[in-house]
Peer 1: 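Before I ask anything, let me first share the structure, which is written out below as structure tokens.
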Number of protein chains: 2
Amino acid sequence: MRELNYVPNALAQSLKGRSTRTLGLVVGDVSNPFFTLLARGLEDAATAAGYSVILCNSDDDPKKEKAYLEILARRRVDGLVLTPSQTDPQPVLDWARQSGPVCLVDRPVAGLDFHAAGIDVVRGESLLAAEKLVEHLISHGHKRIAIVNGPPTLATAVDRLNGYRRALTVAGLKVDKRLEREGQFSVESGRETTLELLAKKPAPTAIFATNNQLALGAMLAARDRGLRIPDDLALVTFEDIPHVADVWPFISVAAQAAASMGQEAGRFILERIQRHGAHHAQLKGGGAKDEPLHGRELVLDTELRLRRSCGCASASGGIFP
Amino acid sequence: MRELNYVPNALAQSLKGRSTRTLGLVVGDVSNPFFTLLARGLEDAATAAGYSVILCNSDDDPKKEKAYLEILARRRVDGLVLTPSQTDPQPVLDWARQSGPVCLVDRPVAGLDFHAAGIDVVRGESLLAAEKLVEHLISHGHKRIAIVNGPPTLATAVDRLNGYRRALTVAGLKVDKRLEREGQFSVESGRETTLELLAKKPAPTAIFATNNQLALGAMLAARDRGLRIPDDLALVTFEDIPHVADVWPFISVAAQAAASMGQEAGRFILERIQRHGAHHAQLKGGGAKDEPLHGRELVLDTELRLRRSCGCASASGGIFP
DNA sequence: ATGAAAGCGCTAACAA
DNA sequence: TTGTTAGCGCTTTCAT
């Protein structure tokens with residue numbers, strides 16, 4: 001009788017029950033391949049558990065982020081996976097307290113006691129990887145190494161800057177603020193700041209771009225100035241562009257497992273949602289794990305992939321002239 | 001008084017009203033840069049109009065697609081933006097009749113009278129662009145040109161195959177089915193089928209990979225066999241990988257404006273939602289556009305970008321050795 | 001003007 | 001077992 005086209009209304013179900021089976025995902029920009037993979041990973045984890053995900057692009061703008069959080073809260077998403085766009089921990093704390101489980105991905109919020117707040121964090125190892133990258137540049141003989149960074153409001157930018165500085169210090173090179181540039185994590189920003197850097201009296205001989213978009217911008221800048229990489233300017237960065245490196249093994253990177261990051265974030269948030277739900281609807285028997293469940297932190301390994309842009313010879317035979 | 005933390009419940013609002021202010025987006029795979037940009041474009045258009053988007057990856061699998069459509073229908077999304085994964089027009093027709101506005105992106109469904117069904121289509125020019133690409137290979141003197149294609153169930157694959165055949169025919173070359181390979185629109189598939197092609201007695205001297213993932217796979221295959229591009233094997237494909245071509249002007253492509261496609265799809269679907277809503281809730285006065293509104297088709301231009309993989313000399317100076 | 005009530009489509013608790 | 005009912009948080013209508 002209801003074979004004649006009946007589709008249950010999930011809204012009504014959600015209104016009654018305490019779950020929307022929906023996750024909110026707020027990333028800087030899905031077009032950044034890193035976030036693309038992250039989104040895919042989360043989507044897979046979510047789908048497997050019967051959840052859908054609402055995708056939001058904050059462009060790392062706290063205003064946009066705020067607007068999205070508001071929308072997601074109204075929609076009563078069961079969990080939030082967020083790449084925080086600012087230093088202020090309040091929005092995240094508020095969400096955790098009022099709107100439900102949160103998992104921070106890619107970067108934590110400086111000054112946020114995620115452990116106590118019951119907020120999970122999944123991120124890559126940034127500081128150490130950055131240090132290794134710069135250390136490698138130093139091993140190639142570079143002394144004037146510049147950093148093309150993202151906004152200092154993002155933990156990844158801060159970590160990578162600290163790694164950069166540490167490498168210099170350890171090598172006995174002095175930290176020169178004039179070689180430290182910050183901007184957005186975008187191609188345009190990378191191009192502009194690199195251009196500024198290259199205009200300096202003694203120009204840097206190597207650049208550490210803190211993500212792949214910035215690196216792309218730096219390469220554009222090098223091209224603008226007629227510089228060859230790595231001969232005239234060496235370059236290292238974070239995050240591979242999927243598949244591209246396989247056919248064009250050129251850019252040396254510290255690679256993060258973006259898809260895994262998304263999946264792990266999914267695992268965290270789903271687990272937390274389960275407990276959260278069990279908590280709200282006081283289940284009578286069964287698994288009574290009622291301890292508050294502190295925030296966990298999962299730090300994924302970052303793998304150094306040295307190719308040509310740093311000055312190393314191409315490992316692979318190279319099919320291209 | 002309600003400054004003390006009140007968040008309206010969008011579920012209840014939606015349950016009462018007739019709108020969820022949500023769009024469903026089903027693409028093959030967001031990790032394909034083409035779909036990434038499409039998703040971003042749609043998200044932008046949606047957000048600007050106060051809509052959110054639920055992202056789904058069908059992997060071009062009709063089963064997964066069906067499951068997602070079911071979920072989206074239950075969630076009562078106001079509109080559906082879909083890259084259809086099969087030849088059967090029924091699912092789409094059903095959606096349009098029962099669940100609301102639909103906009104097909106990237107590809108239509110063969111045999112679907114979208115115009116009559118009131119279904120919009122936003123796509124790139126595939127056939128002609130494919131023909132030009134292959135025509136160009138022919139102009140380089142190639143006679144044995146293979147096609148590495150996606151599933152014949154997708155309109156883009158069909159169109160590109162037809163464009164390929166037409167170019168051959170027009171040039172007086174004969175169509176050789178053994179040089180026509182199909183599979184998935186994935187890197188792995190591209191690698192496998194290219195490997196098969198390269199194992200043939202007189203191997204093809206040029207390959208037309210019908211999307212960038214396949215092209216990446218084809219390049220991997222070339223590397224596997226120790227072939228150089230374009231010297232030993234020429235290659236052309238569809239869709240640029242954003243920014244990469246700027247720093248590595250290597251792959252010759254027919255480029256589509258993916259982000260625009262997403263935005264235009266957004267415009268179409270939002271407009272249709274508006275009318276649809278106005279239709280349901282019989283508005284008393286005002287703009288009485290009650291004509292049924294036929295399905296529209298927007299075909300975006302595809303731009304040929306000839307670089308090196310086809311055999312053309314690099315236009316740009318090239319910063320890489 | 002402000003206030004009360006019905007109902008959106010479900011689920012869960014209860015009654016028969 | 002099957003049937004009825006209250007209520008999730010809103011919006012809209014109707015009465016005050």
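Just so you know, these numbers use all the heavy atoms, side chains as well, and skip hydrogens, waters and symmetry mates. If you're wondering where the values come from, they're calculated on a predicted model, not measured in any experiment.
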Peer 1: In plain terms, say whether A/R275 and A/E271 are close enough for a salt bridge, that is, a side-chain N and a carboxylate O under 4.0 Å apart.
Peer 2: yes
Peer 1: Checking base pairs now: Watson-Crick or wobble, both atom distances under 3.5 Å. What partners D/dA15?
Peer 2: none
Peer 1: Need the pair for C/dG9. Rule: Watson-Crick or G-U wobble, both distances under 3.5 Å, any strand; none if unpaired.
Peer 2: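 Answer to the pairing question: D/dC8, which forms a Watson-Crick or G-U pair with C/dG9.
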Peer 1: Does the distance from a Lys or Arg side-chain N to an Asp or Glu carboxylate O, for A/D88 and A/K66, drop under 4.0 Å?
Peer 2: no
Peer 1: Less than 4.5 Å apart, side chain to side chain, heavy atoms only: is that true for A/L80 and A/S99?
Peer 2: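 In short, these two side chains do not touch, never coming nearer than 4.5 Å.
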Peer 1: At under 4.0 Å between heavy atoms, how does the protein contact nucleotides 6-11 of chain D? Give one character per nucleotide, 5' to 3', with B, S or -.
Peer 2: -BBBBB
Peer 1: Is any side-chain N of the basic residue among B/E70 and B/R74 closer than 4.0 Å to the acidic one's carboxylate O?
Peer 2: yes
Peer 1: State plainly whether the residues A/K64 and B/E43 are in salt-bridge range, i.e. N to O under 4.0 Å.
Peer 2: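 So A/K64 does not pair with B/E43 through a salt bridge.
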